[in-house]
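Data first, discussion second: the structure below is written as structure tokens.
First the proteins, then the strands, lettered A, B, ... as listed; each starts at 1. It should be emphasised that the depicted structure is a prediction, and the values quoted were computed from it without experimental measurement. FYI, side chains are in, hydrogens and waters are out, and symmetry mates aren't considered; it's all heavy atoms of this structure.
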Number of protein chains: 2
Amino acid sequence: MIKKYIEKSNFEETGFSYTLSLISGKHKMVILYCLMEFQIVRFNELKRYIKKVSDKTLSNNLKELEKDGLIIRTEYNQIPPKVEYSLSEKGKSLMEILDLLCIWGENNRN
Amino acid sequence: MIKKYIEKSNFEETGFSYTLSLISGKHKMVILYCLMEFQIVRFNELKRYIKKVSDKTLSNNLKELEKDGLIIRTEYNQIPPKVEYSLSEKGKSLMEILDLLCIWGENNRN
DNA sequence: CAGAATCCCTTACGATACTG
DNA sequence: CAGTATCGTAAGGGATTCTG
């Protein structure tokens with residue numbers, strides 16, 4: 001079962017490479033965890049939550065997460081603007097596995 | 001359980017951040033998968049396997065994987081040099097979870 | 001064979017200023 | 001409030017050459 005990924009011998013085409021591409025990006029994981037905890041979060045709430053992140057980088061990370069179908073962006077047409085972010089079903093299913101990596105990390109550092 | 005990582009509100013200290021730091025690096029995953037399949041592999045075998053990778057990058061990736069305790073480097077004192085790489089127990093336990101991400105990726109792209 | 005050393009380049013990210 | 005636009009920096013990685 002591992003073997004099938006290896007035999008392709010082209011890592012770019014493996015499922016793992018795809019998964020990694022979704023979560024690479026400095027703040028994507030923090031964003032996902034934040035959405036998992038609070039369900040619905042706004043742009044500036046995320047910004048305060050992550051502490052050190054530029055508008056540009058946060059915006060880019062959110063766009064990619066949305067494009068990849070992990071989060072949902074809901075825009076309310078009003079002044080001042082209001083945008084809410086939340087996890088999609090796909091995002092939730094990914095988080096279940098990522099939580100295992102959290103636990104593994106807790107148990108294996110040191 | 002998720003919550004405890006969030007409440008710290010310092011992602012750098014979470015188990016997930018630690019796990020990610022181990023597998024970031026362009027070729028680390030391919031290396032780990034290769035070691036999982038073939039058990040014992042030499043430097044130039046890895047290089048041929050990955051196809052497009054420079055000596056420097058491969059060397060760096062291997063050093064970090066060794067420093068982080070995921071792989072074992074065995075050096076034979078001889079001319080010409082001979083070095084063998086293999087997975088540690090820690091590396092094997094990580095691969096079990098990473099395989100879930102492979103499967104998730106296979107099922108969720110498109 | 002298994003790297004180390006050097007040079008170059010791309011990309012991600014941050015800081016700042018500005019806008020509908 | 002939720003971004004966009006612009007500029008600048010630093011790290012990662014590639015190609016090439018050299019060595020015990």
**Prompt:** Do any side-chain nitrogens or oxygens of B:Lys82 fall under 4.0 Å of OP1 or OP2 in D:dG20?
**Reply:** no

**Comparing A:Pro81 and A:Asn61 on DNA chain C - which has the more 5′ nearest nucleotide** = A:Asn61

**Item:** Comparing B:Arg73 and B:Lys56 on DNA chain C - which has the more 5′ nearest nucleotide
**Value:** B:Arg73

**Request:** Choose from C:dA2, C:dG14, D:dC1 the nucleotide whose nearest atom is closest to any side-chain atom of A:Lys26.
**Result:** C:dG14

**Prompt:** So, is A:Arg42 near the phosphate of D:dC1, with a side-chain N or O under 4.0 Å from OP1 or OP2?
**Reply:** no

**Request:** Counting heavy atoms from C-beta on, name the nucleotide in D:dG14, C:dA2, C:dG14 closest to the side chain of B:Val83.
**Result:** C:dA2

**Item:** Shortest side-chain distance from B:Ser54, nucleotide among C:dA2, D:dG14, C:dA17
**Value:** D:dG14

**Asked** Under a 4.5 Å side-chain heavy-atom rule over Ile, Leu, Val, Met, Phe, Trp and Tyr, are A:Ile50 and A:Ile71 clustered together?
**Response** yes

**Asked** Within less than 4.0 Å of OP1 or OP2 of C:dC1, is there a side-chain N or O belonging to B:Tyr85?
**Response** no

**Asked** Nearest-Å distance, NZ (B:Lys47) to C1' (D:dA15)?
**Response** 11 Å

**Request:** Decide whether A:Val83 and A:Leu58 are clustered together by the hydrophobic rule: side chain heavy atoms of Ile, Leu, Val, Met, Phe, Trp, Tyr closer than 4.5 Å, transitively.
**Result:** yes

**Whole angstrom value for the distance that separates C1' of C:dA4 from CG of B:Asn60** = 10 Å

**Message:** Checking contacts here: which listed nucleotide (C:dC1, C:dG14, D:dA2) is nearest the side-chain heavy atoms of B:Asn44?
**Reply:** C:dC1

**Message:** Could you walk me through whether A:Ser54 and A:Thr57 satisfy the side-chain hydrogen bond (donor to acceptor under 3.5 Å, both in side chains) test, starting with their C-alpha distance in whole Å, then the side-chain angles of each, then the deciding distance to 0.1 Å, before giving a yes or no?
**Reply:** CA-CA 5 Å; A:Ser54 63; A:Thr57 302; 2.9 Å; yes

**Message:** Using whole Å, what does the distance between atom C1' of nucleotide C:dA2 and atom CD of B:Gln78 come to?
**Reply:** 11 Å

**Request:** Select one nucleotide: of C:dA4, D:dG3, C:dC1, the one nearest the side-chain heavy atoms of B:Pro80.
**Result:** C:dC1

**Derivation and outcome, side-chain hydrogen bond (donor to acceptor under 3.5 Å, both in side chains), residues A:Glu13 and A:Tyr18** = CA-CA 7 Å; A:Glu13 296 172 5; A:Tyr18 170 74; over 6 Å; no

**Request:** Please report how far the helix from C:dC1-D:dG20 to C:dG20-D:dC1 bends, comparing the axis fitted to its first five pairs with the axis fitted to its last five, to the nearest 10 degrees.
**Result:** 50°

**Request:** Starting at atom CZ of A:Phe43, determine the distance to atom C1' of C:dT19, rounded to an integer number of angstrom.
**Result:** 14 Å

**Fill in**
When rounded to whole Å, the CD to P distance for the pair A:Glu45 and D:dC1 reads 10 Å

**Asked** Do you reckon A:Leu100 sits in the same ILVMFWY cluster as A:Trp104, going by side-chain contacts under 4.5 Å, direct or chained?
**Response** yes

**Fill in**
What one should report as the nearest heavy-atom pair of A:Leu98 and B:Phe16 is O-CD1, 3.6 Å

**Request:** Could you tell me the separation between the NE2 atom of B:His27 and the C1' atom of D:dG13, rounded to a whole number of Å?
**Result:** 7 Å

**Prompt:** Same cluster for B:Ile97 and A:Ile23 if Ile/Leu/Val/Met/Phe/Trp/Tyr side chains link at under 4.5 Å?
**Reply:** yes

**Rounded distance in Å - CD (A:Glu84) to P (D:dA2)** = 9 Å

**Request:** Please report, rounded to the nearest Å, how far the C1' atom of C:dA4 is from the CG atom of B:Leu62.
**Result:** 14 Å

**Message:** Looking at B:Ser59, I'd like to know whether one of its side-chain N or O atoms comes within less than 4.0 Å of OP1 or OP2 on C:dG3.
**Reply:** no

**Asked** Should the pair A:Phe38 and A:Tyr49 be assigned to parallel (<30°), tilted (30 to 60°) or perpendicular (>60°) ring geometry?
**Response** perpendicular

